Amino acid sequence: MPKTGLARPPPTQQTARKGRLNFLYADVTFLAAYGAIQHLEGPPIEGAVILRFPTMQAARDWYDSPAYQTIAAQRFAGSRYRAFIIEGRR
């Protein structure tokens, strides 16, 4: 989920805690989270997160879950984000 522009300060500690708790019940692996970025093409981003789920349906179920959508609404109020699901190679 690339972050493309910060419009307000980072989330409160409570929002950040809710975000961490949301991942406790998901079968998800963090592959990258806001590490160093080398911009090569296209408009620059401020940060990105890459998550691995066992299936595309699992990723979509997590994204559509009420727990995540509550957190996402708070994120979207402060920044612009792009999110996508892509099937990996098997």
Side-chain angles (χ1 to χ4, degrees):
M1 286 181 258
K3 181 167 57 170
T4 59
L6 189 61
R8 70 175 190 186
T12 65
Q13 287 183 346
Q14 181 179 8
T15 302
R17 189 174 133 266
K18 286 180 184 177
R20 287 189 300 274
L21 289 174
N22 185 20
F23 290 106
L24 288 178
Y25 304 103
D27 186 4
V28 60
T29 302
F30 280 78
L31 300 179
Y34 295 102
I37 298 172
Q38 292 185 8
H39 294 102
L40 302 176
E41 297 180 17
I45 60 172
E46 293 179 25
V49 175
I50 301 172
L51 306 173
R52 180 175 60 204
F53 291 86
T55 64
M56 289 188 72
Q57 187 60 53
R60 190 60 199 234
D61 290 347
W62 169 81
Y63 182 82
D64 291 335
S65 72
Y68 178 73
Q69 287 303 309
T70 298
I71 296 163
Q74 294 170 1
R75 284 186 24 250
F76 297 150
S79 295
R80 293 179 312 213
Y81 288 85
R82 291 180 290 200
F84 55 90
I85 299 171
I86 185 169
E87 188 171 26
R89 295 179 66 176
R90 295 177 187 237

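Because only heavy atoms are used, hydrogens play no part in the values below, and waters and symmetry mates are left out as well, while side chains stay in. Predicted, not measured: the structure shown is a model, and the values here were computed from it.
Annotation for Ile45 and Ala48: closest pair CD1-CB, 3.9 Å, computed over non-hydrogen atoms.
Put simply, Met56 and Phe30 are part of two different groups of oily side chains (I, L, V, M, F, W, Y) that touch within less than 4.5 Å, one to the next.
Separating the CD atom in Gln69 from the OH atom in Tyr63 is a distance of 5.0 Å, to the nearest 0.5 Å. For the atom pair CG of Asp61 and CG of Asp27, the computed distance is 12.0 Å after rounding to the nearest 0.5 Å.
Leu31 CG: more than 12 foreign heavy atoms inside a 6.0 Å radius.
Between Ile85 and Phe53 the shortest side-chain heavy-atom distance does not fall below 4.5 Å. Under the 4.5 Å side-chain criterion, counting only non-hydrogen atoms from C-beta, Thr55 is not in contact with Arg60. In this structure the side chain of Tyr34 reaches within 4.5 angstrom of the side chain of Val49, judged on heavy atoms.
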